[in-house]
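A short worksheet on the structure shown next.
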Amino acid sequence: MRYSKLLIPTLREEPVEAEVVSHRLMIRAGMIRKVAAGIYTYLPLGLRVIRKVEQIVREEMNRAGAQELLMPMVQPAELWQETGRWGEYGKELLRLKDRGEREFCLGPTHEEVITDLIRGEIKSYRNLPQILYQIQTKFRDEIRPRFGLMRGREFLMKDAYSFDRDEQAAKASYDKMSKAYHRIFERCGLKFQPVEAESGVIGGTYSQEFMVLAETGEDSLVACDSCGFAANVEKTQGKTCPRCRGRLITHRGIEVGHVFMLGTKYSEAMKATFLDHNGKEALSVMGCYGIGIGRTAAAAIEQNHDTKGIIWPLPLAPYQAHLIPVNEQSERVMITSELIYGTLSNLGMEVLIDDRSERPGVKFNDADLIGIPYQILVGEKNLADGRVELKERRTGKITKVTTEEVIDLVKKLVLPDARPDES
RNA sequence: CGGGGUGUAGCGCAGCCUGGUAGCGCACCUGCCUUGGGCGCAGGGGGUCCCCGGUUCAAAUCCGGGCACCCCGACCA
């Protein structure tokens, strides 16, 4: 894509409202803009990153045998009254009435809706297990939204729900999802730690949180230095590991995913039953599994940035290569740039070419801020020797090579991770 | 929801105490100039001073009420 045609409103100055680095950098890099407290517009660059996260999540959910569906954001009060959560959920549940004075809420989660679906459609053990997921906008009227996409009121979440014939089968679904989560966060290029956790308002028997390790994280977790046990702080008292009595070390983290064994809490309340192989009525055993999409993107920035800006892990980068003609008035620079741009694009790469009529310093600084992992600099200076520069954003390392070589190099660096361009 | 703070141009702020022509930097537009790290010169556009009410000859400024947003504490992907 051509920079001059894109809406990427970068800012030189620090937005004062933003406290944490991911929030600041997302605003400065022109990825998001605030509409109201905890409610944001994703600009083109931000949306591309969101789509990258979504796509990885989608691929791994599908690989694990989950099926994608899409449920409504507006949900009728009746379903919530059935489980008793209309009364329990409190002010975080944003309630509204339609023109006929019927009560609804904006969905903060979808156990009621999915259980309603399944009880109507699944009547036999032969149709179990079912794992269904969606990537959808949630609304939780948080007491105090903050930190940009890290804790918004409106946010994108992948939520999955499993239905099984018994505890044992449910555990298998749970393990499948847990394994998928490991793959997802690995593929996103994040350092993370699964921890044992409480199950909170969602209810259920046990749960695991997936924490991205970052100093600025809102959550604390403890990890054993000898046996690998890890838990969130509420779950563990004491300084010694409950498993092996080793030493527990505290870390900060950002909760990006959560897997729950729900048991029969919802199937019982909503009478989601099926006939087992003896023809006897039985309750579905459920699990639910969330991933904060925007929060994952924000966590990636918390973990990958420097004083100049964002350093995207390649799989989440809005573009894979950032081509900078240093002086767009030089014919030679432009011819070489266009050649590289065309060739890389034809190879299926996502290339951003900065064709703006800006001074070099502006382009360099914007490039470092936006944080695309590979920059290709084309300027008179090196072109005199028939060379261009390949700069790695993370290390700042510059390699001077010929045009043919840079195409070959970037191809090798980028294509093993290349995904089809969804836009 | 409690405590603290802010609301003036797209962004960052000054002006408010002591009422009297609404300002500065960045960004934006035009022209010239410049092109390897956020150039330079000249000209220019842009404001319900958060909203409602009050005091006053006169309110961004003083008073009352409301709203929004930010920060600190208990819940959550």
Side-chain angles (χ1 to χ4, degrees), chain A residues 9-20 23 27-28 30 33-39 53 57 88-93 108-110 135-160 181 184-185 197-202 207-212 217-219 232 234 253-260 288-299 308-309 324-330 333-334 356-369 375 377-384 388-389 391 396 398 400:
Chain A
T10 57
L11 303 177
R12 295 184 184 202
E13 291 174 53
E14 293 284 328
V16 278
E17 78 202 42
E19 190 68 6
V20 298
H23 188 195
I27 294 170
R28 284 196 57 210
R33 287 293 184 265
K34 187 175 66 184
V35 176
I39 299 176
V53 178
V57 168
E88 287 164 17
Y89 216 93
K91 297 189 92 172
E92 217 172 272
L93 191 64
T109 178
H110 281 68
I135 297 174
Q136 192 244 18
T137 300
K138 296 282 183 279
F139 195 94
R140 294 182 186 172
D141 201 356
E142 291 278 344
I143 293 166
R144 186 149 102 83
R146 60 186 135 173
F147 304 155
L149 298 193
M150 203 89 98
R151 183 195 287 282
R153 291 194 292 172
E154 184 179 300
F155 59 98
L156 278 169
M157 177 165 128
K158 184 285 297 179
D159 48 324
Y181 275 37
I184 287 166
F185 297 119
E198 304 284 356
S199 33
V201 232
I202 308 274
S207 82
Q208 239 185 345
E209 290 170 352
F210 285 75
M211 307 281 247
V212 166
E218 280 192 276
D219 302 289
N232 75 8
E234 297 93 72
I254 300 160
E255 184 190 348
V256 290
H258 206 152
V259 295
F260 294 91
C288 77
Y289 317 93
I291 290 179
I293 301 291
R295 186 181 279 188
T296 300
K308 306 226 75 174
I324 302 174
V326 172
N327 176 356
E328 76 289 340
Q329 291 186 355
S330 154
V333 165
M334 288 319 287
R356 294 176 302 169
S357 173
E358 285 288 353
R359 298 185 59 85
V362 173
K363 293 187 180 184
F364 295 148
N365 282 309
D366 276 340
D368 289 343
L369 176 61
Q375 298 174 10
L377 315 184
V378 182
E380 287 282 3
K381 219 164 73 179
N382 287 293
L383 227 43
V388 299
E389 291 163 67
K391 179 179 156 189
I398 290 173
K400 297 185 183 181

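Letters A, B, ... are given to chains in the order of the sequence lines, protein chains preceding strands, and every chain is numbered from 1. Everything quoted here is computed from the prediction, not taken from an experiment.
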Problem set entry | Charged N-O contact under 4.0 Å between A:Lys363 and A:Glu328 | yes
Exercise. Do A:Glu13 and B:G38 share a donor-acceptor pair, side chain to base, under 3.5 Å?
Worked result: no
Exercise. Who does B:G53 pair with, Watson-Crick or G-U, both distances under 3.5 Å?
Worked result: B:C63
For this session: Searching all strands shown, indicate the nucleotide that pairs with B:G47 (Watson-Crick or G-U wobble; both distances under 3.5 Å).
Result: none
Exercise. According to the Watson-Crick and G-U wobble definitions, with both distances under 3.5 Å, which nucleotide is paired to B:G73?
Worked result: B:C1
Seminar exercise, completed: Partner of B:U6 under the Watson-Crick or G-U wobble criteria, both distances under 3.5 Å, comes out as B:A68
Exercise. Looking only at N and O atoms, is any donor in the side chain of A:Arg28 or the base of B:G38 less than 3.5 Å from an acceptor on the other one?
Worked result: yes
Problem set entry | Electrostatic pair A:Arg28:A:Glu14 at N-O distance under 4.0 angstrom | yes
For this session: Have a look at A:Gln329 and say if it touches a base, only the backbone sugar-phosphate, or nothing, with a 4.0 Å heavy-atom cut-off.
Result: base
Exercise. Side-chain N or O of A:Arg144 less than 4.0 angstrom from OP1 or OP2 on B:C72?
Worked result: yes
For this session: Evaluate the criterion side-chain contact (heavy atoms from CB on, under 4.5 Å) for residue pair A:Phe364 and A:Val326; output intermediate values, then yes/no.
Result: CA-CA 9 Å; A:Phe364 295 148; A:Val326 172; 3.9 Å; yes
Exercise. Looking at the side chain of A:Arg151, which of B:C70, B:G73, B:C76 is the nearest nucleotide?
Worked result: B:C76
For this session: State whether the distance check finds a donor on one side and an acceptor on the other, under 3.5 Å, for side chain A:Asp366 versus base B:G38.
Result: yes
For this session: Let me know the distance between NZ of A:Lys34 and C1' of B:G10, rounded to the nearest Å.
Result: 14 Å
Exercise. Could a donor-acceptor pair under 3.5 angstrom be found where the side chain of A:Glu358 meets the base of B:G37?
Worked result: no
